[in-house]
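Note sheet for the following structure.
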Amino acid sequence: MLSPAKGFEKLKMMMKKEWKMAFLSTIVLGLLVHMPILLSDIPNHDGLGSLYFDQNMVTSGRFFLTVACGFSSYYTIPWMIGLLGLLFLGIAAAMVIEILEVRQTWAVLLVGGLLVAFPALASTFAYVFTMDGYMLALLLAVTAVLLTKKFKWGFLPGGLCLALSIGTYQAYLPFAMMLSVFVILMLWTSTQEKKVATTLRYLYMGGFGVALYYLILFLCLKVQGAKLASYQGINSVGSGQSLGLMHTLVSIYRDFFAFTMSGKVLWQNVFGLAAIVLLAVAVVMTVVLKLKQGSWGKRWVALLVMALAIIVLPLLTNAILLVSPSVTYHLLMRYQWVLYLIGAVALLSHLGSDTKTAAVLQWTGCLVAAVLVFSYAVTDNIAYGNLEKKYEKTYAYCQRLLDRIEQTDGYYQGIPIAMIGVVGEEQYPATDLTFEVTSNMIGMGGDMLLYTGENYKAFMAGYLGATLNILPAEAMSEMYYSEEYMAMDTFPGENSIRIIDGVMYIKTENTAR
């Protein structure tokens with residue numbers, strides 16, 4: 001057995017320089033970009049009720065999430081969770097550059113930068129209470145592809161990793177699928193033999209992983225005596241056929257191009273758009289150059305494989321819509337779009353720099369990718385700034401509301417309280433200036449954190465130290481359409497809080513309905 005000193009020395013010798021660069025660039029850039037949320041407690045609406053949460057989400061199909069989030073405890077401790085998340089992401093970055101065979105320093109650094117700055121990651125940080133678990137899911141998805149690539153029978157442990165990844169967060173399945181397609185593209189544009197057998201390994205890994213996921217999920221549901229919830233259509237996975245295959249496919253392509261072209265994520269301003277366009281031009285020119293050089297083997301085979309990839313990649317990018325068309329596809333679930341940018345950087349890095357054309361293309365890729373990393377970092381911090389203001393405005397609002405509740409005649413500790421929960425917009429100025437930036441960044445836009453009575457209850461308890469007996473939403477079903485409720489003012493109006501038949505009714509929404 002090796003001593004710790006010799007063991008670490010051997011490990012150091014085994015690690016390639018580019019692995020270390022990818023890991024360190026991800027950690028350092030991650031701290032620089034996401035420090036505001038790591039050093040603060042600025043929850044979004046879901047975070048209000050997750051100050052302590054055991055993450056037992058088996059009814060949502062996430063049987064491994066409670067394990068993945070258990071390393072940092074189940075408390076919301078942003079600094080610890082964030083560091084663990086960046087650690088997992090740093091390892092994933094090193095694996096990605098190994099999978100895509102990125103060796104040039106500039107490209108290695110930019111792969112880490114794109115992974116850590118892409119706005120979908122900022123949206124994940126907004127859900128910081130579960131962020132480390134999600135990053136472990138991403139790491140497992142990437143590991144599945146790496147094992148399959150490196151070892152003949154790697155699809156077996158790779159399938160296990162994929163099953164655990166899906167069992168933590170299903171949204172990273174497309175990430176593994178797209179990485180696999182990139183590797184298959186590299187395979188079929190190389191001189192390597194046994195292309196068919198090697199390609200099949202990725203299909204085996206995917207099939208085994210998904211089958212194992214459902215097997216473990218079934219056993220977990222059986223042990224806990226639970227059923228899949230209707231949230232995000234998880235209980236009707238595979239129902240795309242009921243809508244018609246053609247209808248589902250058209251919806252997938254429509255969503256893909258709508259998000260790509262106008263999702264206000266891939267670019268936010270003219271600089272980002274110009275960078276995307278220049279990167280795309282550089283990729284097209286690189287492909288043409290490679291085909292002319294004949295370095296991709298038979299030209300017709302390379303063209304056929306690339307054409308098939310162009311057709312299938314949008315389907316794999318939106319694979320969640322293929323199995324669950326009713327899902328609400330928010331930004332947390334779109335992290336895989338960053339792989340298009342990373343794939344472009346990887347392709348340019350393979351060009352070599354022995355000609356003037358190659359050098360120009362690589363410089364173009366390097367500079368525009370750096371512009372994108374900076375642009376995404378700016379977007380992330382604009383979103384974090386608005387999230388902090390949302391918290392501050394919510395705190396001030398709830399202080400005023402709590403004081404009014406406690407000063408209302410007839411109030412006593414534990415009185416049943418019925419309310420809709422939304423905050424009226426007419427009574428307060430719209431102070432969110434970030435809509436153009438945060439409109440697609442779930443949980444980051446808007447003025448308030450409050451949408452339901454449960455949000456009020458959690459905020460009052462966790463941040464104001466007040467315990468309110470806020471009733472479920474159904475308690476408003478009869479009162480909501482009554483003349484008495486319609487006649488009430490909207491908070492902070494004088495008549496916005498009334499006690500009727502022992503229940504305190506609070507009207508926070510707009511007066512006009």
Side-chain angles (χ1 to χ4, degrees), residues 60-62 118-121 123-124 134 137-138 141-142 144-145 162-163 165-185 188 199 202-203 205-207 209-211 213-214 217 228-267 276 280 283 304-344 439-442:
S60 294
R62 304 173 194 172
F118 195 66
L121 187 66
S123 275
T124 307
Y134 284 7
L138 178 71
V142 175
V145 180
L162 184 64
S165 174
I166 302 172
T168 304
Y169 192 42
Q170 298 93 330
Y172 296 125
L173 172 61
F175 202 98
M177 297 170 81
M178 289 177 63
L179 263 183
S180 297
V181 170
F182 285 178
V183 177
I184 292 170
L185 269 172
W188 283 87
T199 299
Y202 296 93
L203 297 177
M205 179 267 288
V210 171
Y213 162 73
Y214 279 112
L217 176 60
L228 288 175
S230 59
Y231 175 72
Q232 291 285 43
I234 190 67
N235 62 340
S236 58
V237 167
S239 64
Q241 298 291 336
S242 64
L243 299 177
L245 179 60
M246 186 56 64
H247 181 276
T248 301
L249 292 177
V250 169
S251 298
I252 287 173
Y253 279 103
R254 184 186 296 120
D255 177 89
F256 174 83
F257 287 109
F259 178 81
T260 301
M261 303 305 295
S262 60
K264 296 182 180 179
V265 173
L266 290 177
W267 66 83
I276 291 284
V283 166
L304 178 61
V305 171
M306 286 188 286
L308 290 173
I310 291 172
I311 294 171
V312 79
L313 275 172
L315 294 176
L316 299 185
T317 308
N318 274 357
I320 301 300
L321 289 179
L322 189 62
V323 296
S324 182
S326 62
V327 70
T328 301
Y329 215 171
H330 51 67
L331 190 56
L332 266 72
M333 305 165 72
R334 296 185 185 269
Y335 191 42
Q336 61 271 22
W337 260 262
V338 74
L339 284 177
Y340 288 105
L341 306 175
I342 288 173
S439 57
N440 274 326
M441 300 181 73
I442 183 172

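Along the sequence shown, residues carry numbers from 1. All values reported here derive from a predicted model rather than from experimental measurement.
- For the residue pair Leu228 and Gly61, the shortest heavy atom distance occurs at CD2-N, 3.9 Å.
- Residues passing the side-chain contact (heavy atoms from CB on, under 4.5 Å) test with Val183, sequence neighbours excluded: Ile99, Val145, Lys149, Tyr202.
- Using a 4.5 Å cut-off on side-chain heavy atoms (C-beta onward), Tyr340 and Leu266 make no contact.
- Judged as a salt bridge (Lys or Arg N to Asp or Glu O under 4.0 Å), the pairs with a partner in residues 251-260 (not counting sequence neighbours) are, in order, Asp255-Arg334.
- The two residues Leu162 and Ala144 make their nearest non-hydrogen contact at N-CB, 4.0 Å.
- In this structure, the side chains of Ile166 and Leu217 stay at 4.5 Å or more apart for every pair of heavy atoms.
- Rounding to the nearest 0.5 Å gives a distance of 7.5 Å between OG1 of Thr124 and CG of Leu331.
- Residues meeting the side-chain contact (heavy atoms from CB on, under 4.5 Å) test with Phe257, sequence neighbours left out: Tyr253.
- Every residue two or more places apart in sequence or in another chain that forms a side-chain contact (heavy atoms from CB on, under 4.5 Å) with Val312 is listed here: Leu316.
- In this structure, the side chains of Leu313 and Phe182 come closer than 4.5 Å at one or more pairs of heavy atoms.
- Residue pairs meeting the salt bridge (Lys or Arg N to Asp or Glu O under 4.0 Å) criterion with at least one partner in residues 314-330, sequence neighbours excluded, do not occur; the list is empty.
- Every residue meeting the side-chain contact (heavy atoms from CB on, under 4.5 Å) condition with Ala137, not counting sequence neighbours, appears here in chain and number order: Ser165, Thr168, Tyr169, Tyr172.
- Interatomic distance, Trp267 CH2 to Ser262 OG, rounded to the nearest 0.5 Å: 7.5 Å.
- Considering CD of Gln336 and CD1 of Ile342, their distance stands at 12.0 Å, rounded to 0.5 Å.
- Rounding to the nearest 0.5 Å places CE of Met441 at 9.5 Å from CG of Leu332.
- Under 3.5 Å, the side chains of Trp337 and Thr317 contain no donor-acceptor pair of N or O atoms.
- Put simply, the side chain of Thr248 does not reach to within 4.5 Å of the side chain of Leu321, judged on heavy atoms.
- Considering every non-hydrogen atom in both Met205 and Ser180, the closest pair reads CE-OG, 3.9 Å.
- Atoms CG and CG, from Asn318 and Leu249 in turn, are 11.5 Å apart once rounded to the nearest 0.5 Å.
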